[in-house]
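To find a chain, count down the sequence lines: A is the first, B the second, and so on, and within it residues start at 1. Every value quoted in this text rests on a predicted model; they were computed, and no experiment measured them. No hydrogens, no waters, no symmetry mates; every other heavy atom, side chains included, goes into these values.
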Number of protein chains: 2
Amino acid sequence: MTGNTRFAASVHMLAYLAYRAGAAVPSAEIAASVDTNPVVIRRLLSALVKARLVNATKGANGGFTLASTPQNISLRDVYRAVEPQPQRGLDHFAPNHKCPVGAKISNILQGVYVKAQAGMEAELARVSLADVHEQLRPVCTGKH
Amino acid sequence: MTGNTRFAASVHMLAYLAYRAGAAVPSAEIAASVDTNPVVIRRLLSALVKARLVNATKGANGGFTLASTPQNISLRDVYRAVEPQPQRGLDHFAPNHKCPVGAKISNILQGVYVKAQAGMEAELARVSLADVHEQLRPVCTGKH
DNA sequence: CTTAATGTAACTAGAGGTGTTACTCTTTCC
DNA sequence: GGAAAGAGTAACACCTCTAGTTACATTAAG
């Protein structure tokens, strides 16, 4: 997984929206749960809106809601929405092409990174937001 | 995958050692292929020595060699040797525990990260250094 | 018109990683 | 025994990236 907190924070945000059961939730409230600045929350949610995982409503009484049921949102969808450059490590790798190994290793590694990424995403695809929500269930008393 | 070049550079180094067919290779030569500073190479190789993937020989005529056959070295071994903190993103994630969602989400995400990591490592385990070396074959003429 | 909200820009600070310089220690060879 | 060639490691500077922050424009409801 990448070293930043975007994926973790995004799953948290979506789990919070699921927990709020359809209400339009303002970014300040989500930020209080994640314990960060609301602008950070809006930036991440912006990417999730673009990925059609979340809907945004502007104006007074505005806020965010899930764009689909928790069952229909996989953690792979979330990951892809907030990690646009998962292969940055390989992108920064620039071997010496005058060396016969250096000349070919990047293409070989490209294949390796793609497979590793696919393995990781396959596992994330098997987990939905509903699964996450289910594990939160003991706290979702239905009244807020 | 993480955002740094350690894994890519390490696979490159090991492939280079395989390409050199058992000779003790000094870090300066490997560095020329990777196109970086020899000290960077020695730092990475130090981790690979600790993981018993590589042997180091000090002194004049010293250098590095593979500690095992390319067949016996999987890319999962390499990944684990050079990425001591693959879950740094989750480690930095610190939600508000006063919120019921925030109180439980880290443990849930821990399970998600472990599964995702296992999926990625399962793919890496299926690729050996021999496979990488095989893809380099058209340049490994046997004479150097 | 006020209030509550999103959206976005721009800046700063900090973490992490690479590159670099410098040095010690080890080993071989003459 | 001293020179040379090598590993091992420390410490520092610089760069990249991300999160946190401030500020403001825009949107929408009441």
Distance, rounded to the nearest Å, where [X] contributes [atom1] and [N] contributes [atom2]:
{"X": "B:Asn61", "N": "D:dG6", "atom1": "CG", "atom2": "C1'", "result": "9 Å"}
{"X": "B:Leu44", "N": "D:dG8", "atom1": "CG", "atom2": "P", "result": "13 Å"}
{"X": "A:Gln85", "N": "D:dT16", "atom1": "CD", "atom2": "C1'", "result": "11 Å"}
{"X": "A:Leu45", "N": "C:dA5", "atom1": "CG", "atom2": "P", "result": "15 Å"}
{"X": "B:Arg42", "N": "C:dG17", "atom1": "CZ", "atom2": "P", "result": "20 Å"}
{"X": "B:Glu29", "N": "D:dA7", "atom1": "CD", "atom2": "C1'", "result": "15 Å"}
{"X": "B:Asn37", "N": "D:dA7", "atom1": "CG", "atom2": "P", "result": "13 Å"}
{"X": "A:Ile41", "N": "C:dA5", "atom1": "CD1", "atom2": "P", "result": "15 Å"}

Reading DNA chain C from 5' onward, which residue's closest nucleotide shows up sooner: A:Ala60 or A:Val49?
A:Ala60
Take B:Lys58 and B:Asp35, find for each the nucleotide of DNA chain C with the closest heavy atom, and name the residue whose nucleotide sits nearer the 5' end.
B:Asp35
Counting the atoms with a prime plus P, OP1 and OP2 as sugar-phosphate, which does A:Gly59 contact under 4.0 Å by heavy atoms, base, sugar-phosphate, or nothing?
base
Mind checking B:Gly63 for me? I need base, sugar-phosphate or nothing, with any heavy atom below 4.0 Å counting as a touch.
sugar-phosphate
Given [options], which nucleotide is nearest the side-chain atoms of [X]?
{"X": "B:Ser27", "options": "D:dA7, C:dT28, D:dT18", "answer": "D:dA7"}
{"X": "A:Arg43", "options": "C:dA4, C:dA10, C:dG17", "answer": "C:dA10"}
{"X": "A:Ser46", "options": "C:dT27, D:dG30, C:dT8", "answer": "C:dT8"}
{"X": "B:Arg88", "options": "D:dG8, C:dG16, C:dT8", "answer": "C:dG16"}
{"X": "B:Val39", "options": "D:dA7, C:dT20, C:dT27", "answer": "C:dT20"}
{"X": "A:Arg6", "options": "D:dT18, C:dC29, C:dA4", "answer": "D:dT18"}

Between B:Thr5 and A:Gly89, what is the shortest heavy-atom contact and its length?
CG2-O, 3.2 Å
Taking 4.0 Å as the cut-off, does a side-chain nitrogen or oxygen of [X] come that near to OP1 or OP2 on [N]?
{"X": "B:His92", "N": "C:dG16", "value": "yes"}
{"X": "B:Thr5", "N": "C:dG17", "value": "no"}
{"X": "B:Asn4", "N": "C:dG17", "value": "yes"}

Checking A:Asp77 side chain against A:Ser74 main chain: does a donor-acceptor pair fall under 3.5 Å?
yes
Distance check, rounded to the nearest 0.5 Å: A:Leu90 atom CG versus A:Gln117 atom CD?
11.0 Å
How are the rings of A:Phe7 and B:Tyr113 set to each other: parallel, tilted or perpendicular (split at 30° and 60°)?
tilted
